[in-house]
Amino acid sequence: MFKKILIANRGEIACRVAATARRLGIQTVAVYSEADANARHVMSCDEAVAIGPAAAKESYLNGARIIDAALATGAQAIHPGYGFLSENEAFAVACAKAGLVFIGPPASAIRAMGSKSAAKSLMEKAGVPLVPGYHGENQDADFLQKEADKIGYPVLLKASAGGGGKGMRIVESSADFKAALASCQREAINSFGDDRVLLEKYLQRPRHIEIQVFADSFGDCVSLFERDCSVQRRHQKVLEEAPAPGMTAERRQAMSDAAIAAAKAVSYVGAGTVEFIANQDGSFYFMEMNTRLQVEHPVTEMVTGTDLVAWQLQVAFGLPLPKKQHELTLHGHAIEARIYAENPEKGFLPSIGSLQYLRTPQAVHFETGASVRIDSGVREGDAISPFYDPMIAKLIVWGEDREQALSRMAQALAEFQVVGLATNVAFLSRLIQCGPFATADLDTGLIERYHDVLFPPVQPAPQAALALAVATLLHSESSTEPDPWAQTSGWRMNGQWQRGLQFSNDAGVAELSLQYLPEGVALRDGPETLSLQDARFDGAAVALRLNGKAVLGSVVREQEFFHVFHGGQHWPLRWRDPIAHAGEAEVEGGRLTAPMPGKIVALLVAAGAEVVQGTPLLIMEAMKMEHTINAPADGTVAELLYAVGDQVAEGAPLLSFSMTEAA
């Protein structure tokens, strides 16, 4: 077995590879950018080498620097993780020339499957079913539009060299085609350095089902069965599970046979995923093959009892597959939720900041048979930067059946607490409990179709959450000083002190009246008076009695914000401190600002342009995604403050805008 390997990636996959390598007695070398000098994956390895600035192109995508680091540290092999260099043919070739083992498929397989259009031609020859479409070399816009017209709308535009949902657009009509094509090509060239696209018929209510395959250098190839990855937003996976709900033995065998045929057609070696788009009637079509380990591989590990990273290391070393096909069986059901720093209510806009508070459900590594597993590359206090994917963790649960797995996922999400930036935890909780997902009525449009259910209006904080916030405020004001003038208990010689409190969230303001009593406090909420007693604190954990009933939760104070976690929900409540807000000035208006750090990729209007509300003004690229800034009202663009290609900071004014005065 290898004595030392270098891990050419970051985040949770780098931590995962390091842990598996350690278990196998293999030393590991981490690489890191300037932004990741103190990252968790760096601390997880035996050695670490700096490879460049924060930008991925200058560090994690710099194959020459990574190979130099491997040679300098005496590593025998390079594990590329997923993303970055894992599907880069040139990097695999360069590793071989340097005498290093690339822990992945042969360069020839990466080349064959790296272009979606070439891969489809190859699969057609191998007898693997394909979606109707165009995947040729002619990239003329007029020609592509004519091909799309022949296929019939809606059609799906996909970057030929793409993956991860980048460079994909659904086009509903011929009139929309060229604008969508231009946007798709911009994203493709920025993400993959290749703006070629292919066209496919966009299927209505399809499911996304993929087969995990694994092959060794002795010609053996096995299927580790399927994963259902249908629940997506912006073509990126949100929830994954194994096995696929409703999968019959016959259909599983047919899809596995097709996946193995696809792998053998390119003489594949290592871990790979063959992705299919499936109709509700059971028919399925080849989409693409990912020549690497997938983000969602843990659900396969949980239901098959395997360690796919260990398999990768063993096969790359030249050993045969650890198991034959007849030795692989399915047991139970696993679901993975991707915990992201993002704001679902604002179009899943990535959230940048630090993890000021992070508490996760108790988890034990899956090898011990645990029902909850957490794969993460960050710790409390770490920053989610604009340079890389904003994933906080992967939360994976296992159950004897899907119903038990769903129940465990709901409980685990209720225990996942983050303060410091927006997350999708609450959205995921609603998603797994909504009717269509709970009953396995799955397709790739589920989130859009049930938008109103998944994005309900913000509700006022319940009385229990307000009581937890009030108790925490009073606890922070309490003093152990013997001086009576230092006390904040509200004691009065001749009467009782009443105090007004305001806590607000996006649903409005809660006006509370607090009355100090010898046995506790009375909290008046509108016409109702509540007795708050016996508050106890253990770090962020709070327990109290509200009208005699026990209330439990956690409260994290972030200046004037009280983050209350109660009943499986997160209530960010802003306390209006009358002293802190004295003399507050109005915020200057008239300028549209950047919602996050990013780059200007297109200016859609000129200075002086008169626009109506909703008109697209410019396009920013951040976190490998495009975000369109629209006019907030009818008005005039007074001045454009940046040019195409400029980097902008979060909150930076993008343009001056004057609204049209009402007649």
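Because the structure is predicted, anything quoted here is derived from the model rather than measured.
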- Task: Determine, for D220 against K323, whether the closest basic-nitrogen to carboxylate-oxygen distance falls under 4.0 angstrom.
- Result: no
- Query: When you look at F348 and Y340, which way does the ring-ring contact (aromatic ring centres under 6.0 Å, His included) test go after all the steps?
  - Reply: CA-CA 9 Å; F348 296 95; Y340 274 102; 9.4 Å; no
- Item | Option passing side-chain contact (heavy atoms from CB on, under 4.5 Å) with V644 (candidates L603, V601, L618) | L603
- Message: Check this for me: does any side-chain nitrogen of one of R169 and D176 sit under 4.0 Å from a carboxylate oxygen of the other?
- Response: no
- Message: Using a 3.5 Å distance criterion without hydrogens, assess whether the side chain of Y268 forms a donor-acceptor pair with backbone atoms of A271.
- Response: yes
- Message: Looking at R449 and D443, is any side-chain nitrogen of the basic one under 4.0 Å from a carboxylate oxygen of the acidic one?
- Response: yes
- Note on the structure: salt bridge (charged side-chain N to carboxylate O under 4.0 Å, His left out) with R227: of E301, E336, E275, E210, only one passes, and it is E210
- Message: Any side-chain to backbone donor/acceptor pair from Q139 onto V197? Under 3.5 Å, distance only.
- Response: yes
- Show your reasoning for whether salt bridge (Lys or Arg N to Asp or Glu O under 4.0 Å) applies to K394 and E240. CA-CA 11 Å; K394 297 186 308 193; E240 300 101 353; over 6 Å; no
- Message: Please evaluate residues Y134 and F143 with respect to the criterion ring-ring contact (aromatic ring centres under 6.0 Å, His included), reporting the C-alpha separation (whole Å), side-chain torsions for both, the decisive distance (0.1 Å), and the verdict.
- Response: CA-CA 11 Å; Y134 173 77; F143 174 82; 5.2 Å; yes
- Message: Looking at P344, is its backbone amide N or carbonyl O close enough to the side chain of N424 to form a donor-acceptor pair, meaning the two atoms are under 3.5 Å apart?
- Response: no
- Message: Using a 3.5 Å distance criterion without hydrogens, assess whether the side chain of W398 forms a donor-acceptor pair with backbone atoms of V299.
- Response: no
- I277 side, atom CD1; S283 side, atom OG - distance, nearest 0.5 Å: 10.0 Å
- Message: Given 3.5 Å as the limit, does a donor-acceptor pair link the side chain of K166 with the main chain of E187, or not?
- Response: no
- Quick one: CD on E58 to CG on L61, what's the gap to the nearest 0.5 Å? 10.5 Å
- Message: Under 4.0 Å between a side-chain nitrogen and a carboxylate oxygen: does that hold for E241 and R402?
- Response: yes
- Query: Looking at OH of Y202 and CG of L156, how far apart are the two atoms once the value is rounded to the nearest 0.5 Å?
  - Reply: 7.5 Å
- Query: Between R292 and H297, is a side chain to side chain contact (heavy atoms under 4.5 Å, CB included) present by the stated rule, with each step listed?
  - Reply: CA-CA 10 Å; R292 56 177 168 84; H297 75 273; over 6 Å; no
- Task: Indicate yes or no for a side-chain donor-acceptor contact from Q145 to the backbone of S174 under 3.5 Å, with no hydrogens or angles considered.
- Result: yes
- Message: Is there a ring-ring contact (aromatic ring centres under 6.0 Å, His included) between Y388 and Y60? Walk through the geometry before answering.
- Response: CA-CA 10 Å; Y388 315 116; Y60 295 108; 5.6 Å; yes
- Enter the distance from F284:CZ to I211:CD1 here, rounded to the nearest 0.5 Å. 8.5 Å
- Task: Would you confirm whether S230, through its side chain, and H208, through its main-chain N or O, come within 3.5 Å as a donor-acceptor pair?
- Result: yes
- Message: Please determine whether the number of non-hydrogen atoms from other residues, nucleotides or ligands lying under 6.0 Å from atom CD of E403 exceeds 12.
- Response: no
- Query: Measuring from F455:CZ to F427:CZ, what's the distance to the nearest 0.5 Å?
  - Reply: 4.5 Å
